[in-house]
Q: 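Quick one: the structure is below, questions incoming.
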Amino acid sequence: MMSSNERMEEAERVSSDILNVIQENMGGFSKGQRKIADFILNSYDKAAFMPASRLGRKVGVSESPVVRFASELGYDGYPDMQRSLQKMI
């Protein structure tokens, strides 16, 4: 079982990983993906609790690119990426 310090360190590692991965891949993203990435980088605390459809509407894309964005980052889907974002809060 992990101690609370170990859980905090793991949450910090996961959270910094997702933001770093987004930043490192920014140059290869499509226009829609950059909109999603910008929103997450600037408002991850809001994105963490938004359904994919709402995040898409917020940045001007449909739900599908949001779900694909999460998959392209290596997540099993949007809910998996959301959990990583939620761990940052």
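Because the structure is a prediction, the values reported are computed rather than measured. All values below were derived from every heavy atom in this structure, side-chain atoms included, with hydrogens, water molecules and symmetry-related copies excluded.
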Q: From M81 CE over to Q86 CD, what is the distance, rounded to the nearest 0.5 angstrom?
A: 10.5 Å
Q: Distance check, rounded to the nearest 0.5 Å: R83 atom CZ versus I18 atom CD1?
A: 11.5 Å
Q: Do you know which two heavy atoms are closest between A48 and L85, and how far apart they sit?
A: CB-CB, 3.6 Å
Q: Measuring only between side-chain heavy atoms, which start at C-beta, is N25 closer than 4.5 Å to Q33?
A: no
Q: What pair of heavy atoms forms the shortest contact from G77 to S71, and how long is it?
A: CA-OG, 4.4 Å
Q: Where do K58 and M50 come nearest, in terms of heavy atoms and distance?
A: CD-CE, 4.2 Å
Q: Cut-off 3.5 Å, no hydrogens considered: what does the side-chain donor-acceptor table look like for residues 35-47, sequence neighbours left out?
A:
residue : atom : partner : partner atom : Å
N42     : ND2  : D38     : O            : 2.9

Q: Who are the side chain to side chain contact (heavy atoms under 4.5 Å, CB included) partners of S53, not counting sequence neighbours?
A: P51, R57, E63
Q: Can you find a pair of side-chain heavy atoms, one from S30 and one from R34, that are under 4.5 Å apart?
A: no
Q: Measuring centre to centre across the rings, with the benzene-like ring taken for any Trp, is F69 within less than 6.0 Å of Y78?
A: no
Q: Are side-chain heavy atoms of V61 and K31 found at a separation under 4.5 Å?
A: no
